[in-house]
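Beneath this line is the structure, given in structure tokens, with notes to follow.
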There are 4 protein chains.
Amino acid sequence: MASTTAVRAALRTQRIETPSWAYGNSGTRFKVFAQQGVPRDPFEKLADAAQVHAFTGVAPSVSLHIPWDKVDDYAALAKHARDQGVVIGAVNANVFQDDDYMLGSVTNPDPRVRRKATDHLLECVDIMDATGSRDLKLWFSDGTNYPGQDDIRARQDRLAEALAEVYARLTGDQRLILEYKFFEPAFYTTDVPDWGTAYAHCLKLGDRAKVVVDTGHHAPGTNIEFIVAFLLREGKLGAFDFNSRFYADDDLMVGAADPFQLFRIMHEVVRGGGLDAGTEVAFMLDQCHNIEPKIPGQIRSVMNVQEATAKALLVDAEALAAAQQAGDVLGANAVLMDAYNTDVRPLLAELRAELGLAPDPMAAYAASGYAERIKAERVGGAQAGWGA
Amino acid sequence: MASTTAVRAALRTQRIETPSWAYGNSGTRFKVFAQQGVPRDPFEKLADAAQVHAFTGVAPSVSLHIPWDKVDDYAALAKHARDQGVVIGAVNANVFQDDDYMLGSVTNPDPRVRRKATDHLLECVDIMDATGSRDLKLWFSDGTNYPGQDDIRARQDRLAEALAEVYARLTGDQRLILEYKFFEPAFYTTDVPDWGTAYAHCLKLGDRAKVVVDTGHHAPGTNIEFIVAFLLREGKLGAFDFNSRFYADDDLMVGAADPFQLFRIMHEVVRGGGLDAGTEVAFMLDQCHNIEPKIPGQIRSVMNVQEATAKALLVDAEALAAAQQAGDVLGANAVLMDAYNTDVRPLLAELRAELGLAPDPMAAYAASGYAERIKAERVGGAQAGWGA
Amino acid sequence: MASTTAVRAALRTQRIETPSWAYGNSGTRFKVFAQQGVPRDPFEKLADAAQVHAFTGVAPSVSLHIPWDKVDDYAALAKHARDQGVVIGAVNANVFQDDDYMLGSVTNPDPRVRRKATDHLLECVDIMDATGSRDLKLWFSDGTNYPGQDDIRARQDRLAEALAEVYARLTGDQRLILEYKFFEPAFYTTDVPDWGTAYAHCLKLGDRAKVVVDTGHHAPGTNIEFIVAFLLREGKLGAFDFNSRFYADDDLMVGAADPFQLFRIMHEVVRGGGLDAGTEVAFMLDQCHNIEPKIPGQIRSVMNVQEATAKALLVDAEALAAAQQAGDVLGANAVLMDAYNTDVRPLLAELRAELGLAPDPMAAYAASGYAERIKAERVGGAQAGWGA
Amino acid sequence: MASTTAVRAALRTQRIETPSWAYGNSGTRFKVFAQQGVPRDPFEKLADAAQVHAFTGVAPSVSLHIPWDKVDDYAALAKHARDQGVVIGAVNANVFQDDDYMLGSVTNPDPRVRRKATDHLLECVDIMDATGSRDLKLWFSDGTNYPGQDDIRARQDRLAEALAEVYARLTGDQRLILEYKFFEPAFYTTDVPDWGTAYAHCLKLGDRAKVVVDTGHHAPGTNIEFIVAFLLREGKLGAFDFNSRFYADDDLMVGAADPFQLFRIMHEVVRGGGLDAGTEVAFMLDQCHNIEPKIPGQIRSVMNVQEATAKALLVDAEALAAAQQAGDVLGANAVLMDAYNTDVRPLLAELRAELGLAPDPMAAYAASGYAERIKAERVGGAQAGWGA
């Protein structure tokens with residue numbers, strides 16, 4: 001096995017970004033259950049995100065969602081973030097919550113709607129300029145519900161056109177990172193349904209366009225770690241949106257549904273250099289908590305990613321390679337399982353001690369009184385809901 | 001092939017119930033897109049449903065959803081329905097849209113919530129008494145999102161207890177019909193996830209408890225017509241909730257995603273006596289229209305069920321049985337496909353002519369001016385949304 | 001957590017049966033890869049199975065497959081087993097490898113074939129009488145490939161008739177245990193496709209008919225532990241056939257594809273009394289090794305079941321119940337995950353030491369020289385292949 | 001709707017290639033059921049394939065599988081084909097049925113095995129030179145069964161290397177067409193699991209490398225017509241391998257499981273120019289018949305493709321585009337469904353009459369006496385089985 005010192009050193013450099021929208025209310029199409037103490041504006045969301053960082057030490061940045069997190073003064077928002085100990089991360093464009101987008105945004109048959117949608121994407125780059133964000137994360141809900149509803153191929157043409165215009169607007173080290181999703185909210189076709197589609201578009205755009213792998217966005221049975229390995233080999237893996245699901249949701253805490261899968265993914269990340277210094281792979285959470293408390297839900301998710309990463313780092317790469325080369329099926333599998341079966345919680349507790357943190361972030365947060373404080377203080381005003 | 005006269009005679013007896021909630025706005029967790037002219041109360045919903053019947057001739061009843069369709073005076077509502085040419089059909093209980101139900105309704109670990117939920121179910125039977133409805137349709141969103149969240153087995157005990165209490169409250173020919181659903185909105189366990197679970201509970205309840213097959217509520221690859229055949233053989237198929245889906249939604253128009261599957265289902269219905277006089281099988285639509293206009297969406301759905309039924313009735317049962325008995329794989333399949341490949345639209349146009357209806361219900365509705373009228377008239381007031 | 005002493009005591013009583021067919025060659029429809037040293041007859045299969053027991057201490061019985069394991073003298077075979085330190089377990093009927101069964105066995109449209117198939121099942125009970133086996137395990141490959149090919153409902157009638165005849169033949173504590181399978185080798189309908197179908201038939205047969213849950217035989221996304229919990233609550237869970245799969249095979253080593261799922265299953269087994277003294281639940285492996293060596297594949301599988309069981313036994317049932325009752329979603333999940341994240345390998349090593357076994361069965365088997373010995377000795381004769 | 005004259009003209013140009021291996025015995029891993037009269041060598045396979053062409057008029061070429069169809073004299077084989085009225089089509093390489101390939105062929109960790117596999121591919125190009133075949137169709141069964149078994153990324157490197165060597169060997173208008181498959185016979189990873197992987201490799205190889213879409217090789221819920229539209233837009237759709245499946249087989253007759261899906265695929269083919277003169281899209285069947293007679297199975301499959309194509313050609317493209325552009329969801333869907341709901345069998349009967357063929361190929365073949373003749377004549381010798 002790898003030395004635990006080396007493992008801790010590697011873990012110390014990992015950064016996991018949490019999303020502003022995880023701190024507000026969310027739900028399913030059937031019901032959004034309201035919780036007490038949820039933020040009422042972007043400033044309060046950043047304050048909550050800062051708690052996750054305070055107790056885990058590895059979540060120092062926060063993704064914004066525009067227009068949900070629109071403010072008049074982004075410099076003030078960025079300063080507020082820094083005052084809380086975090087920074088603003090990726091900017092997520094939202095072109096799905098306006099009545100105009102019923103039949104699509106950048107792929108809409110109506111050129112007026114396409115213009116509006118593309119303008120929103122360009123506005124997001126303006127915001128990135130203001131916040132100093134590197135990444136423009138694009139997810140399109142665009143697609144169709146019925147066969148024949150629209151022209152599949154023409155929609156790709158429209159998509160390519162919008163992406164090209166936005167990509168041309170980027171400057172410096174800014175990136176366009178493109179997310180794919182198997183289905184939902186469109187139910188027949190989705191305009192970026194799989195990694196192949198995202199990859200093909202990114203290839204044409206250029207080096208600063210990369211693919212986002214959202215762990216909840218695949219057909220049943222899809223081998224996600226294969227995709228991760230493939231994109232890393234191609235230099236096209238831009239980021240993860242972490243979450244988990246048993247069947248078709250994508251909002252359960254990462255690692256909750258299949259911790260072994262998360263470990264296998266992190267094994268390919270380690271194998272492919274995705275944790276190395278200077279990696280272009282960003283680790284982000286993208287999950288909303290419907291029935292569990294928001295901040296603990298994020299803390300636990302961050303811990304789950306850390307545990308999977310620690311196990312992946314523990315894999316004895318030399319022994320694994322030797323068994324693989326020898327065609328020793330059970331032996332090679334056993335090397336991997338040895339790492340997976342290791343209880344890494346003591347190692348992570350040690351790491352936290354080194355960082356001056358409490359060994360158990362969940363318990364420490366619970367003991368901090370923050371949850372009670374926000375319940376008491378955040379009374380009145382509109383609670384931020386999903387989409388708010 | 002069966003004679004077209006016999007087919008038309010059979011089709012003439014088929015009844016397809018539409019749901020009140022199909023006429024209001026609906027959407028996904030991402031967005032509910034508002035449409036103009038949607039109903040603002042249960043009375044307007046019934047008026048819209050009556051249009052579907054007026055143009056198809058086979059949709060004379062409307063399912064209610066309680067509390068969405070709660071009114072002070074059910075006699076007045078029933079009279080309003082009759083005045084429009086329709087009647088009130090099944091009563092659907094709703095125990096999923098109250099904050100109390102976050103962790104379940106009748107299976108909630110908290111006995112207070114269970115009591116509240118069961119009381120709601122009993123109230124629905126009171127309403128059935130007032131409206132003269134035969135069927136209490138039960139769908140429970142109950143389940144859990146995370147392993148360990150609750151005790152799977154204890155939840156079954158609680159479910160059985162609530163069902164028994166409600167079943168005991170039924171009188172006369174009233175029925176309890178129990179729907180199962182593979183997943184959603186619970187993402188880890190669902191308390192009634194499959195037909196086996198619904199069947200086992202109904203078996204214990206008694207003869208007036210039957211299973212509802214919602215065509216959109218199955219795991220990928222599930223052979224739904226097998227379930228239909230099996231439940232008919234057991235005398236336990238109470239009703240269909242029709243809709244369709246490509247992957248995981250259950251709100252597309254029935255027959256839109258896989259018309260061949262719908263035909264196979266109707267073939268088993270015909271085979272199992274589910275269209276015979278006195279059948280206990282009720283045909284209901286359960287689908288909401290997110291991006292398509294509501295009334296035409298229901299009309300088209302009704303037509304899709306009719307077309308599948310007509311094809312199923314055209315199957316040459318004698319030739320099929322002979323080929324099956326002879327082990328003639330391709331021959332037997334060909335008998336079925338011959339019926340499926342038949343264009344039954346002329347036959348249905350003829351049927352409509354016999355009934356004094358326009359041959360093309362979609363065109364006739366479009367020409368009627370109703371859509372324009374409700375857009376103009378239904379201004380002000382709160383539009384009924386899904387759940388409203 | 002539960003005390004490790006109690007856990008070891010419970011583990012000491014667990015029995016895992018291995019299948020005779022796991023020791024021969026097997027493969028996919030594309031290719032059966034031959035391995036050296038595989039058994040050439042049932043006696044050699046039992047010898048190999050005895051090795052699995054010798055190194056794990058918990059696999060003292062072996063399932064037979066008839067006619068693959070047909071011998072002239074079952075008393076001699078049983079004595080041979082005992083001499084090796086194992087006993088003969090369940091008898092598996094095989095009605096799928098004769099040309100007559102192309103269109104089904106007990107559900108075949110041809111009464112002659114049905115008679116032949118049922119006679120084979122009755123012959124299996126004769127063999128049970130001779131071997132002293134308790135369980136007749138029935139899996140039917142019966143089904144259809146094309147819509148219309150045969151009458152779904154009539155096939156259920158034929159199935160019920162055959163099962164009733166066989167059930168009536170059982171004596172003493174003999175049981176009929178019925179396996180279901182989602183699909184394959186029939187590709188359109190399967191006559192026993194899900195637990196509901198198996199359950200309904202067993203219910204009609206009587207108390208000594210129980211359902212077999214094969215962990216590899218479900219639609220994607222199916223919650224298997226729910227089924228386990230449900231059948232235990234109904235007193236109808238007869239046995240497990242353990243194996244695992246990522247998509248559609250069912251021959252990977254149990255626990256290899258999703259160890260967390262196996263743990264959740266064992267958690268429901270513990271919760272439902274399936275490990276208690278006098279339980280009717282039999283734990284069996286049903287998997288063939290295509291590319292991995294046979295005996296080590298079985299040893300590792302047995303260990304995987306033990307590890308999942310140990311973790312399930314470690315769950316702090318009291319803390320779990322308290323968190324569940326309090327509606328503490330994350331707390332309840334954490335109780336379960338604490339047990340799952342525990343490294344139970346030291347505990348199992350201790351258990352083996354108590355039993356006088358080597359702490360690492362894989363290493364001990366490798367060091368024993370048995371593999372080399374059989375490669376050298378088993379030369380000539382026909383290697384037993386899958387189906388041989 | 002398009003004029004039926006234009007439709008018949010387009011249909012007249014369509015060519016559907018049948019595979020030599022469809023005419024021999026085949027089955028599942030559970031059993032290969034033998035049929036009487038199946039070919040005993042490649043010459044007899046070609047004779048059977050010629051029957052399919054004789055009765056359909058659109059299946060003038062036959063794919064070979066090497067080494068199953070290895071002969072000493074390919075010129076003689078080609079002449080024999082021409083004598084029967086057909087020609088030799090694509091050459092399919094087989095690197096999965098040798099014991100050496102247990103852990104992979106071109107991606108095997110052992111360089112000796114990789115060399116052997118690549119040499120086989122090169123030999124296939126030699127055969128193409130001899131037969132005048134244009135297409136080298138590559139499907140790799142390569143992958144792994146267990147996590148850790150081999151290095152996912154290294155296998156891609158090996159694959160790329162082999163493909164490059166083979167591609168460099170092509171001359172003239174020869175093409176390398178690369179097939180992907182979701183799973184099986186490898187159960188954990190597959191080295192070319194999806195269209196994205198095949199596309200990325202083909203992109204690097206060059207213009208004469210194209211992707212093969214096998215309609216049975218996708219995860220559940222995958223929108224295949226999207227992939228078809230996408231690849232056509234990219235100029236990378238080389239061929240179809242047609243077949244169908246309900247869950248995980250890929251050998252049912254094309255169009256048997258979901259005729260509406262086949263229609264949607266053909267609609268995208270028509271939309272994307274895949275039927276135009278000079279198209280690079282080859283239409284091939286790749287299916288084996290387990291329980292149905294071989295030649296009628298192929299005839300029916302060819303007819304199914306024709307029917308779907310005819311319906312796709314009937315789509316009123318102008319009306320569809322207008323409805324799509326207007327955002328008329330139901331109207332656009334209705335245009336598509338109008339074509340689908342049309343009974344095109346009379347149109348195809350007319351086409352056949354024009355070509356001097358019997359209107360019903362199935363009946364005509366049955367009446368021809370060919371089936372009885374081969375049963376009588378092909379006695380003795382080894383029947384060609386799948387893989388033979």
Side-chain angles (χ1 to χ4, degrees), chain A residues 102-103 108-110 144-154 156-157 182-183 188-190 193-200 203 218-223 225-227 229-230 232-234 260 263-264 267-268 271-272 315 320-321 323-327 329-330 332-337 340, chain D residues 102-103 108-110 144-154 156-157 182-183 188-190 193-200 203 218-223 225-227 229-230 232-234 260 263-264 267-268 271-272 315 320-321 323-327 329-330 332-337 340:
Chain A
M102 187 169 85
L103 302 181
N108 198 298
D110 182 343
T144 66
N145 275 10
Y146 288 103
Q149 178 188 325
D150 200 4
D151 186 320
I152 293 174
R153 181 167 174 157
Q156 290 298 317
D157 296 337
F182 176 49
F183 92 110
Y188 168 54
T189 59
T190 294
D194 54 20
W195 76 264
T197 305
Y199 167 80
L203 214 56
H218 301 85
T222 301
N223 186 320
E225 56 268 31
F226 176 89
I227 297 172
F230 197 93
L232 278 166
R233 184 177 176 271
E234 298 284 324
F260 183 43
F263 162 74
R264 299 191 312 261
H267 170 60
E268 293 306 327
R271 165 65 179 88
V315 171
L320 182 64
Q324 290 173 340
Q325 192 52 45
V329 175
L330 292 180
N333 177 245
V335 172
L336 205 74
M337 297 311 292
Y340 179 67
Chain D
M102 187 169 85
L103 303 181
N108 198 298
D110 182 344
T144 66
N145 275 8
Y146 289 103
Q149 178 188 323
D150 200 3
D151 186 321
I152 293 174
R153 182 168 175 156
Q156 289 298 317
D157 295 338
F182 176 49
F183 91 110
Y188 167 54
T189 58
T190 294
D194 53 21
W195 76 265
T197 305
Y199 168 80
L203 213 56
H218 301 85
T222 299
N223 187 319
E225 57 269 31
F226 176 90
I227 297 171
F230 198 93
L232 278 166
R233 183 177 177 270
E234 299 283 324
F260 183 44
F263 161 74
R264 297 192 312 262
H267 170 60
E268 293 305 326
R271 165 65 180 89
V315 170
L320 182 64
Q324 289 174 340
Q325 191 54 44
V329 175
L330 292 180
N333 177 245
V335 172
L336 204 75
M337 296 312 293
Y340 180 67

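Each chain gets a letter, A, B and so on, in the order its sequence line appears, and its residues count up from 1. Worth knowing before you read on, the calculation uses all heavy atoms, side chains too, and leaves out hydrogens, waters and symmetry mates.
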Measure the spacing between CG of A:Asn333 and CG of D:Asn145 and express it to the nearest 0.5 Å. 10.5 Å
Can you name the closest pair of heavy atoms from D:Ile152 and A:Ala229 and give their distance? CG2-CB, 3.7 Å
Between CZ of D:Phe226 and OH of A:Tyr188, what distance do you get to the nearest 0.5 Å? 10.5 Å
Going by the rule salt bridge (Lys or Arg N to Asp or Glu O under 4.0 Å), which residues pair with D:Glu225 if we only count those two or more places apart in sequence or in a different chain? D:Arg264
The salt bridge (Lys or Arg N to Asp or Glu O under 4.0 Å) partners of A:Arg233 (sequence neighbours excluded) come to D:Asp157
Among A:Thr144, A:Asp151, A:Leu320, the residue with the most heavy-atom pairs under 4.5 Å to chain D is A:Asp151
Side chain from CB out, backbone as N, CA, C, O: work out which of these in A:Leu232 comes under 4.5 Å of a heavy atom of chain D, or both, or neither. both
Donor-acceptor pair, A:Gln325 side chain versus D:Pro109 backbone, under 3.5 Å? yes
Nearest 0.5 angstrom please: D:Thr222 OG1 to A:Phe183 CZ, how far? 12.5 Å
Distance in Å, A:Gln324 CD paired with D:Gln149 CD, rounded so as to fall on 0.5 Å steps: 8.5 Å
When the 4.5 angstrom heavy-atom criterion is applied to A:Thr190 and chain D, the contacting part is backbone
Heavy-atom pair of closest approach, residues A:Ala332 and D:Gly148: CB-O, 3.3 Å
Turns out that what part of A:Asp194 lies under 4.5 Å from chain D's heavy atoms comes down to side chain
Heavy-atom cut-off 4.5 Å, strictly under: side chain, backbone, both or neither for A:Asn223 against chain D? side chain
If one checks every heavy atom of A:Phe182 against chain D at 4.5 Å, the contacting part turns out to be side chain
Nearest atoms (heavy-atom pairs only) where A:Ala219 meets D:Pro220: CB-O, 3.9 Å
